Student: 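Below you will find the structure I want to go over with you.
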Protein chains: 2
Amino acid sequence: MPRQVDHDERRRLLTEALLRIAGTRGLRAVSMREIAAEAGVSLRVVQYYFANKQALLESGLTELGARMDRRVKQRAAAAAGELTPRGVLAAVLGAIVPFDEQSRLDSMAWTAYYSAALTDPALAAAGLTLPNALENFLTLRLTAAQQAGDIAPDRDPRTEVAGLLALANGLTSSVLSGQRSHEAATEIIDYYLDRLFGRDHRGFDPHPP
Amino acid sequence: MPRQVDHDERRRLLTEALLRIAGTRGLRAVSMREIAAEAGVSLRVVQYYFANKQALLESGLTELGARMDRRVKQRAAAAAGELTPRGVLAAVLGAIVPFDEQSRLDSMAWTAYYSAALTDPALAAAGLTLPNALENFLTLRLTAAQQAGDIAPDRDPRTEVAGLLALANGLTSSVLSGQRSHEAATEIIDYYLDRLFGRDHRGFDPHPP
DNA sequence: CCCGAATGGATACAGTCGTATCCTAACGCT
DNA sequence: AGCGTTAGGATACGACTGTATCCATTCGGG
């Protein structure tokens, strides 16, 4: 039984067990022994593949970031039929707000990590790269959309993107706490996108006759 | 030294010590012994005035809610010179995003409580009353503003308020993580309020000539 | 005056935590 | 075939947790 084990595979297994616990019972409930039990292995195995708990936690955060990134790209590609800037924006924002059980669990874990990072500098750095990258990416797209005439010239792309991302984060909070359904959150996002892209009754017409 | 102690005062002291720890080092760092040390008393005193840790945590959440409420009312009253609906909205939203050291610490503690509440039903109920009350209050005000002609008739007050509160929460997250300054967050809020109240160049004029 | 309640110091207890150590079993390689 | 490395089971250690208990003060009211 020894020898011939895929270390990366083992680490992936343990990281997934960690995220399952963090998503259902919070980071407080994450201990080396709990991870071992969740993964169906002994405590020694967890210790064998991760030098210490800190490394395990960082691995969890990295995996969580990768999942978010994958989800965003997946939804953006699914909406590729309509390559409109609005479609991209809607896909990305829709991928942030949890829409199924798995993304709900991941958002829970993400929230737990976020609040831990506020008082743990080791996690803070790793947790900020993804949001910043998203913000820059969307700002580029929206600026291009503005130059193409898809949104009004007096809109500020940077502010709009910052606002929309903050909106999506805030809505995620309310969805996680059961205050609002996923559908209600999506409606609010659409409401704002409608106004940004000029589908309100007195707004900017992207393609005047 | 015994006798003649104000129990409420003692509990307030301990609760403040708890919130100081939660705001600076997170809820994870909150233990009975740490609270005792922070408050400058012995462990026994903490046990004497709170039956268990759970009661202490709930007291912290209650106090945090009271502080938020106080801040909102204070800022709303300070902006009472201009009784405009926009002034009220700006004051409330501005009170949510941390604007000084104390409100930053409280927001930190609030975030810690929020994420703990996601996996601890005992805290969940108490944590939701304040946001819901705020949302209802603001929706009433905005509906009245709409009937008075201060915002366009095609706006949906419920959606607008839900969006603005989610926006303020999301901005709070980014301010706490150092991603954005308080001023930058305020500008984004103002940007959205400008559009809602018709100060954009092609928008609704609240008082046409 | 003094007795009983209020207040809090000191210490103990049973768990759980992250981490370290000891030891055995199984495989690849020469 | 046997040797050394790899993989993991079992267990221990010291620190820390919430909670409980024992005991000494000190005061108000009879």
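Here is the naming used below: chain letters follow the sequence lines, and residue numbers restart at 1 for every chain. As the structure is a computational prediction, the values presented were derived from the model and not from experiment.
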Student: In whole Å, what is the span from the NZ atom of K53(B) to the C1' atom of dT17(D)?
Tutor: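 Atom-to-atom, K53(B) to dT17(D), this comes out as 8 Å.
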
Student: Starting at atom CG of N52(B), determine the distance to atom C1' of dT17(D), rounded to an integer number of angstrom.
Tutor: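 Atom-to-atom, N52(B) to dT17(D), this comes out as 14 Å.
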
Student: CG/L164(A) to CG/N169(A) distance, rounded to the nearest 0.5 angstrom?
Tutor: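 These two atoms lie 11.0 Å from each other.
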
Student: Measure from CZ on R28(A) to C1' on dG15(C) and round the result to the nearest Å.
Tutor: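 To the nearest whole Å, that distance equals 14 Å.
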
Student: Is the backbone of D156(B) close enough, under 3.5 Å, to the side chain of Y191(A) for a donor and an acceptor to pair up by distance?
Tutor: yes

Student: Identify which nucleotide among dA7(D), dG9(D), dG18(D) has an atom closest to any side-chain atom of R44(A), counting heavy atoms from C-beta outward.
Tutor: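 Among the listed nucleotides, the one closest to the side chain of R44(A) is dG9(D).
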
Student: Between P on dA7(D) and CZ on F50(A), what's the gap in Å once rounded to a whole number?
Tutor: 14 Å

Student: R10(B) near the nucleic acid: base, sugar-phosphate alone, or nothing, with a heavy-atom cut-off under 4.0 Å?
Tutor: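 Here R10(B) touches the backbone only, sparing every base.
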
Student: Relative to the 5' end of DNA chain C, which residue comes earlier, L43(B) or R33(A), by the nucleotide with the nearest heavy atom?
Tutor: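 Nearest-nucleotide comparison on DNA chain C picks L43(B).
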
Student: Which listed nucleotide (dT19(D), dT7(C), dG18(C)) is nearest to the side chain of M32(A)?
Tutor: dG18(C)

Student: Which nucleotide in the set dA7(D), dT7(C), dT19(C) lies at the smallest distance from any side-chain heavy atom of H7(B)?
Tutor: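 Nearest to the side-chain atoms of H7(B), counting from C-beta on, is dT7(C).
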
Student: Quickly work out the E34(B) CD to dT17(D) C1' distance and round it to whole Å.
Tutor: 12 Å

Student: By nearest atom, which of the nucleotides dG8(D), dG18(C), dG8(C) is closest to the Y49(B) side chain?
Tutor: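 Output: dG8(C).
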
Student: Can you find a side chain N or O atom of S31(A) that sits less than 4.0 Å from OP1 or OP2 on dC17(C)?
Tutor: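 It does, given that an N or O in the side chain of S31(A) lies less than 4.0 Å from OP1 or OP2 of dC17(C).
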
Student: Counting side-chain heavy atoms from CB outward, which of dT19(C), dT6(D), dT19(D) is closest to Q47(A)?
Tutor: dT19(C)

Student: Expressed in angstrom and rounded to an integer, what is the separation of I35(B) atom CD1 from dC16(D) atom C1'?
Tutor: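 Rounded to the whole Å, the gap is 15 Å.
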
Student: Within less than 4.0 Å of OP1 or OP2 of dG8(C), is there a side-chain N or O belonging to Y48(B)?
Tutor: no

Student: Answer with yes or no whether the side chains of S103(B) and D100(B) bring together a donor and an acceptor at under 3.5 Å.
Tutor: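 Distance-only check passes for D100(B) and S103(B).
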
Student: Assess R75(B) against F99(B): is NZ or CZ under 6.0 Å from the centre of the six-membered ring, and within 45 degrees of the ring's axis?
Tutor: yes

Student: Drop me the distance from Y48(B)'s OH to H7(B)'s NE2, to the nearest 0.5 angstrom.
Tutor: 5.5 Å

